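All values derive from a computational prediction rather than experimental measurement. For the numbers below, each heavy atom of this structure counts, side chains included, while hydrogens, waters and symmetry mates do not.
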Amino acid sequence: MTSSYFFSSSTKQYGTTPEPLLLLHRRRRHHLPRHQVLPLLSSAIGEPHLPQKPSTFSLQPLRPSHRLRKPFFATTISSSFEGGEEEGEQQHQDEVPEGMGEAFHISSSTATAISALIAVAVLSFPLLVRSQLGVGAPLKSRALTYATLLFGFYMAWNIGANDVANAMGTSVGSGALTLRQAVVTAAVLEFSGALLMGTHVTSTMQKGILVAGFFQGKDTLLFAGLLSSLAAAGTWLQVASYYGWPVSTTHCIIGSMVGFGLVYGGPGAVFWKSLARVMSSWVISPLVGALVSFAVYKCIRRFVYSAPNPGQAAAAAAPVAVFLGVTAISFVAFPLSKSFPLALAQALACGTAGAVLVYRIIRKQLGHLLDKADSSGTEPKEAAVLNQKVGFLTEIAGPKGTQLEIVYGVFGYMQVLSACFMSFAHGGNDVSNAIGPLAAALSILHGGASGAEIVIPIDVLAWGGFGIVAGLAMWGYRVIATIGKKITELTPTRGFAAEFAAATVVLFASKLGLPISATHTLVGAVMGVGFARGLNSVRAETVREIVASWAVTIPVGAFFAVVYTWILTKLLSYIL
């Protein structure tokens with residue numbers, strides 16, 4: 001919400017409560033007249049509505065001095081919650097923005113202008129890609145290169161619209177970041193990851209999807225198939241994004257490539273072992289993600305919520321978690337040296353620096369609350385919990401008041417950090433889903449060998465990063481709403497558990513070479529957090545829709561690839 005209100009009458013004054021705030025928020029979104037919303041507000045705060053005296057109630061904006069002090073992110077925490085974590089949740093997960101303007105709280109004309117600027121940039125930028133559009137190249141070759149770059153952008157755009165929700169969906173759903181903050185943060189990190197870590201991208205044929213030997217001497221057909229795979233995967237991703245289904249972009253492009261190879265190259269043109277590994281990840285990824293997030297969330301409830309001072313326990317646990325996470329990432333994913341002792345020492349140094357940084361941020365932003373919690377002592381209900389025998393699966397009531405605000409604040413920072421890492425890593429890895437086929441097609445177009453390793457120019461990587469950012473800004477809110485709001489209710493602690501679990505599983509699975517999908521892992525992790533609170537906490541209808549979209553991703557991608565290849569081969573026969 002962009003602003004806060006309090007409700008006043010001639011006889012009584014009421015503080016902010018989640019339900020009346022929600023009603024006001026809906027009134028602003030749907031432009032309801034005051035005479036329609038007043039009865040709802042009256043019922044929400046327990047005061048009868050008197051139509052004959054409309055002046056009894058007045059809606060007045062809170063002055064800045066009355067607003068709660070919050071960290072730099074818009075964490076949905078409030079010490080006014082009387083029922084702790086479980087009862088103090090805001091029930092607004094069904095509210096999905098209906099457009100870019102509503103999602104970012106800007107006017108429709110501003111949203112249209114932004115979309116128009118992006119469209120102009122898309123049509124103009126390929127003309128500046130000097131590594132591909134040579135000055136002395138024939139006009140026909142330049143036109144095909146221009147069209148190929150647009151195909152690659154279309155795929156990258158849909159990756160941003162769908163897959164970036166893996167990194168930022170839980171942060172928005174829990175309130176750790178607003179949608180605008182999430183998009184800006186992800187845009188910077190996704191683009192940086194694509195630009196700095198995307199150099200490993202090679203030809204799609206070298207990734208074990210197609211057998212290159214089956215297309216020797218058929219460069220035109222292979223070129224059409226690569227462009228068709230980009231278009232087919234982009235088409236299905238766009239459909240999925242429209243309905244808010246989080247599907248795997250990796251599975252989508254693989255399905256498109258398999259469909260093309262099977263129909264135009266025969267069964268021997270496809271590495272069936274790779275396809276089997278992809279299909280097995282439909283079960284492995286969400287299951288492992290759910291198990292790890294279930295365990296992480298239960299650990300938070302066991303060791304933080306049951307502590308004498310939950311706020312202090314959360315503040316003490318955060319630097320330890322950051323130390324372990326940064327050390328593991330530095331050593332496993334991004335080793336700084338080939339020497340084991342040196343790499344381990346450098347990883348430990350990075351972990352220590354990260355822990356110290358987080359500790360200082362927590363003390364600076366939440367120090368006044370920590371001091372307040374120390375001076376006030378343990379609340380009676382919390383002390384009663386200490387006298388009970390608490391097990392790993394024991395249901396523990398969430399903290400309240402200042403303790404709740406500290407716990408949510410700490411885990412809000414933790415969740416933002418994990419989301420930033422996921423976003424940066426995603427930009428560096430999943431940009432290959434667009435740039436891989438694009439680079440292979442450009443290589444064929446410029447006379448390169450179809451089986452040779454392809455070196456990706458920096459401007460092509462920047463092109464893919466720009467496509468991801470554009471898709472995220474224009475359509476990313478749709479899938480973010482599904483991940484963050486429609487599967488289960490998320491808070492900063494639950495969001496951190498899901499994000500941390502997904503990042504850990506993807507990191508180690510990638511290192512071990514296991515078939516893991518980042519999308520499926522995160523969806524499973526969100527479900528695992530919901531299962532930790534009870535089976536009824538997970539929305540079965542949303543889960544069924546997501547699983548169904550997973551099951552049809554490869555067949556639909558293959559179908560579109562075959563159809564688009566047939567169309568493109570006909571067109572290229574007239575051009576070439």
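Checked against the 6.0 Å centroid criterion, the rings of Phe215 and Phe260 qualify as a close aromatic pair. The aromatic ring centroids of Phe153 and Phe466 lie less than 6.0 Å from each other.
Between the side chain of Asn162 and the main chain of Val247, a donor-acceptor pair closer than 3.5 Å is present. A distance-only check finds no donor-acceptor pair linking the side chain of Glu499 to the backbone of Ser171 [under 3.5 Å]. Not a single donor-acceptor pair under 3.5 Å links the side chain of Ser256 to the backbone N or O of Ala232. For Tyr413 (side chain) and Ala176 (main-chain N/O), no donor-acceptor pair under 3.5 Å exists by modelled atom type. When atom types are taken as modelled, the side chain of Ser293 and the backbone of Ala498 share no donor-acceptor pair closer than 3.5 angstrom.
Under the side chain to side chain contact (heavy atoms under 4.5 Å, CB included) criterion, Ile106 pairs with Phe104, Thr110, Ala111, Ile114, Arg180, not counting sequence neighbours. A search for side chain to side chain contact (heavy atoms under 4.5 Å, CB included) contacts involving Ala473 returns Val183, not counting sequence neighbours.
Side-chain atoms of Thr482 and Trp245 include no donor-acceptor pair closer than 3.5 Å. A donor-acceptor pair shorter than 3.5 Å cannot be found between the side chains of Thr488 and Arg494.
Nearest heavy-atom pair across Gln238 and Trp475 is O-CZ3, 3.4 Å. Closest heavy-atom contact between Val120 and Ser124: O-OG, 2.8 Å.
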Check the pair Ile468 / Phe191 against side chain to side chain contact (heavy atoms under 4.5 Å, CB included), numbers first and verdict last.
CA-CA 8 Å; Ile468 290 178; Phe191 186 83; over 6 Å; no

Let's go through Met257 and Leu226 carefully: what are the C-alpha distance in whole Å and the side-chain angles of both, what is the deciding distance for side chain to side chain contact (heavy atoms under 4.5 Å, CB included) to 0.1 Å, and is it a yes or a no?
CA-CA 7 Å; Met257 294 295 298; Leu226 291 170; 3.7 Å; yes

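Among the candidates Trp463, Tyr154, Trp157, the single residue satisfying the side chain to side chain contact (heavy atoms under 4.5 Å, CB included) test with Val122 is Trp463.
By the 4.5 Å heavy-atom criterion applied to side chains, Leu442 and Leu149 are counted as neighbours. Between Thr569 and Thr220 the shortest side-chain heavy-atom distance does not fall below 4.5 Å. Contact annotation: the side chain of Val172 never approaches that of Gln181 to less than 4.5 Å [non-hydrogen atoms, C-beta and beyond].
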